[in-house]
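Here is the structure we will look at, set down as structure tokens.
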Amino acid sequence: MAALYDFDTAIDRRGTWCIQWDGVADRFGVDGLLPFTISDMDFATAPEVLAALRDRLDHGVFGYTTWQQDDFRSAVAHWYATRYGTEIDTGQLVYGPSVLNQLSQLLQMWTGEGDGVVVHTPTYDGFRKAITGLGRELRGVPVGDEEALVRELARPDAKVLVLCSPHNPTGRVWTADELTRMAELAERYGVAVVSDEIHADFVHEGYVHVPWTRVAGAGGGGGGGRWALITSGSKAFNFPALTGSYGLIGDPADRAEFLRRMETAEGLASPAVLSLTAHIAAYREGGPWLDAVRAYVAGNLGHVAERLSAGLPELGWEPPQAGYLAWIDLRAAGVDDAELQRVLVERERVAIMGGAVYGAPGFVRLNVGCPRAKVERGVEALIRAVKAVRSSPSGV
């Protein structure tokens, strides 16, 4: 299937105002680095999406638009039915400019200043900014530590569990049993759940994504408590610059309040028409392309595992269960984070995200959503940098 598409040919993204390539100096202080940073891919989106966008552009009129129409709703329902074997209630759909914007609105609805918001650690930095920026208290629990999760959810001022499913940055795919247990705990302690599932479409072979809609109500409380599933096709199909996301909100009153906020308080009644066009085309016709790009990325991750096994065998690194972000634990290598970054930037001329961004010093996050040749350069640079720092504290 992968032969139908060309993922090996590099597309020059410089000069297109993209954060990963043109904005690298904003984070690393140096221009011209080879970037493996922000979580978008270096691949053009699916040909079917591009064809739909061209057709819409040819129409030439770009007036105010509504997402509340059957073409969009039925495309989302089709995607969930065919990819996840899940029937969704399209009456629960909402729309927003981004997943993080939706999260912000829901936090403002369901929490007050100083309330606790529970997240798994390491934590996607966008969550951290959204939560603390609203004056809420971020309370982290390590991935897989149920005792810590129970303890934090049971605190009287814990109001929301923000779940990343699959988890970013680790690539962990939550099992049905784990999600059911979280739903039971949330209902028991009266904690609302916001499940960010933007990485769901990139679950790798051998693992299965379970949408939150399948476990809401697991606690037997009737109605499933307060919950929202927020997501977008932009991550898997690589069109975040078009903006646009959607969600499902269980409670009718909460859903009505969310829509009121978006349409009146936020003035966002009219979505970006090209985002709607892209979503519909992706969900109706883009499945083969997605399967191909996911297989290609799995090959990239396999290459990283092979090279790390040969070059830094003490790490024992294995590919993630989902996504195109290689979350690499370097603690066994015993290198200083700051010195490693200095060598990566100054000597190797690459930009790789340090784990401290996600609250996890000693790790790095390497984006492999790119042609294999670029991945090869990135992983070899990382191996050389680790060895240089380990052999000499100054990296020289």
Between Tyr358 and Phe363, ring centroids under 6.0 Å: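 Between Phe363 and Tyr358, which both carry aromatic rings, the centre distance is not below 6.0 Å.
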Aromatic ring pairing Phe239/Phe237, orientation class (parallel under 30°, perpendicular over 60°, tilted between):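 Phe239 vs Phe237 ring planes: parallel.
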Aromatic ring pairing Phe7/Trp289, orientation class (parallel under 30°, perpendicular over 60°, tilted between):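 Ring orientation of Phe7 relative to Trp289: perpendicular.
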Side chain of [X], backbone of [Y]: donor and acceptor closer than 3.5 Å?
{"X": "Ser165", "Y": "Ser195", "value": "no"}
{"X": "Ser245", "Y": "Ser232", "value": "no"}
{"X": "Ser275", "Y": "Thr243", "value": "yes"}
{"X": "Asp8", "Y": "Pro371", "value": "no"}
{"X": "Asp22", "Y": "Thr16", "value": "yes"}
{"X": "Asp115", "Y": "Gly112", "value": "yes"}
{"X": "Thr37", "Y": "Pro35", "value": "no"}
{"X": "Gln102", "Y": "Tyr246", "value": "yes"}
{"X": "Arg136", "Y": "Thr111", "value": "yes"}
{"X": "Lys159", "Y": "Leu107", "value": "no"}

Close side-chain approach of [X] to [Y], heavy-atom, < 4.5 Å:
{"X": "Cys164", "Y": "Phe127", "value": "yes"}
{"X": "Val386", "Y": "Leu340", "value": "yes"}
{"X": "Leu106", "Y": "Ile230", "value": "yes"}
{"X": "His167", "Y": "Pro320", "value": "no"}
{"X": "Ile383", "Y": "Leu308", "value": "yes"}
{"X": "Leu301", "Y": "His204", "value": "yes"}
{"X": "Leu248", "Y": "Val76", "value": "no"}
{"X": "Arg365", "Y": "Ser39", "value": "yes"}

Establish whether [X] and [Y] are linked, either directly or via other cluster members, by ILVMFWY side-chain heavy-atom contacts under 4.5 Å.
{"X": "Tyr95", "Y": "Tyr80", "answer": "yes"}
{"X": "Val173", "Y": "Leu163", "answer": "no"}
{"X": "Ile19", "Y": "Leu100", "answer": "no"}
{"X": "Phe72", "Y": "Phe62", "answer": "yes"}
{"X": "Tyr207", "Y": "Leu325", "answer": "no"}

Listed once per pair and sorted, the salt bridge (charged side-chain N to carboxylate O under 4.0 Å, His left out) pairs that draw on residues 198-214, sequence neighbours left out: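 Found none.
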Answer yes when [X] and [Y] have at least one side-chain N-carboxylate O distance shorter than 4.0 Å, and no when they do not.
{"X": "Arg181", "Y": "Glu178", "answer": "no"}
{"X": "Glu376", "Y": "Arg372", "answer": "no"}
{"X": "Arg294", "Y": "Asp291", "answer": "yes"}

Heavy-atom pair with the smallest gap, counting every atom of [X] and [Y]:
{"X": "Cys370", "Y": "Asn300", "value": "O-ND2, 2.9 Å"}
{"X": "Asp42", "Y": "Asn238", "value": "N-ND2, 4.5 Å"}
{"X": "Thr65", "Y": "Ser270", "value": "N-OG, 2.9 Å"}
{"X": "Ala52", "Y": "Thr277", "value": "O-CG2, 3.5 Å"}
{"X": "Gly233", "Y": "His279", "value": "N-NE2, 2.9 Å"}
{"X": "Trp327", "Y": "Ala360", "value": "CZ2-CB, 3.7 Å"}

Verdict with supporting geometry, Val273 and Arg56, side-chain contact (heavy atoms from CB on, under 4.5 Å): CA-CA 9 Å; Val273 67; Arg56 186 62 184 85; 3.6 Å; yes
Taking side-chain contact (heavy atoms from CB on, under 4.5 Å) as the criterion, tell me which of [options] meets it with [X].
{"X": "Lys235", "options": "Glu197, Met41, His199", "result": "His199"}
{"X": "Trp227", "options": "Ile249, Thr213, Asp251", "result": "Thr213"}
{"X": "Ile328", "options": "Val379, Ile352, Leu382, Leu312", "result": "Leu382"}

With sequence neighbours excluded, residues passing side-chain hydrogen bond (donor to acceptor under 3.5 Å, both in side chains) with Glu137: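 Here the qualifying residues are Arg139.
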Spacing of CG belonging to Asp336 relative to CG belonging to Leu330, to within rounding of 0.5 Å: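 Spacing of CG (Asp336) from CG (Leu330) equals 12.0 Å.
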Ring pair (Phe, Tyr, Trp, His ring centres under 6.0 Å): pairs with one or both residues in residues 172-194, sequence neighbours excluded: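 Residue pairs with at least one partner in residues 172-194: His120-Trp174.
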Side chains of Ser104 and Gln108, donor plus acceptor under 3.5 Å: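 There is such a pair between these side chains.
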Thr66-Gln68 side chain donor-acceptor pair, cut-off 3.5 Å: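 No donor-acceptor contact under 3.5 Å links the two side chains.
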Full working for side-chain contact (heavy atoms from CB on, under 4.5 Å) between Leu57 and Leu274: CA-CA 8 Å; Leu57 287 171; Leu274 295 184; 4.2 Å; yes
Residue pair Val350, Leu33: steps toward the side-chain contact (heavy atoms from CB on, under 4.5 Å) verdict: CA-CA 5 Å; Val350 297; Leu33 303 180; 5.9 Å; no
Residue from Phe202, Phe43, Tyr5 passing ring pair (Phe, Tyr, Trp, His ring centres under 6.0 Å) with Tyr296: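 For Tyr296, the ring pair (Phe, Tyr, Trp, His ring centres under 6.0 Å) check succeeds only for Phe43.
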Whether over 12 other heavy atoms sit under 6.0 Å from Glu314 CD: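 Result for CD/Glu314: enclosed.
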Atom CZ of Arg377 with >12 non-hydrogen neighbours under 6.0 angstrom: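 Open.
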For [X], enumerate each residue passing the salt bridge (Lys or Arg N to Asp or Glu O under 4.0 Å) test, keeping only those at least two apart in sequence or located in another chain.
{"X": "Glu380", "value": "Arg307"}
{"X": "Arg255", "value": "none"}
{"X": "Arg284", "value": "none"}

Check against side-chain contact (heavy atoms from CB on, under 4.5 Å), Asn101 and Met262: CA-CA 10 Å; Asn101 179 273; Met262 297 302 289; 3.3 Å; yes
Verdict with reasoning, His78 to Tyr283, per ring-ring contact (aromatic ring centres under 6.0 Å, His included): CA-CA 7 Å; His78 170 78; Tyr283 286 174; 8.9 Å; no
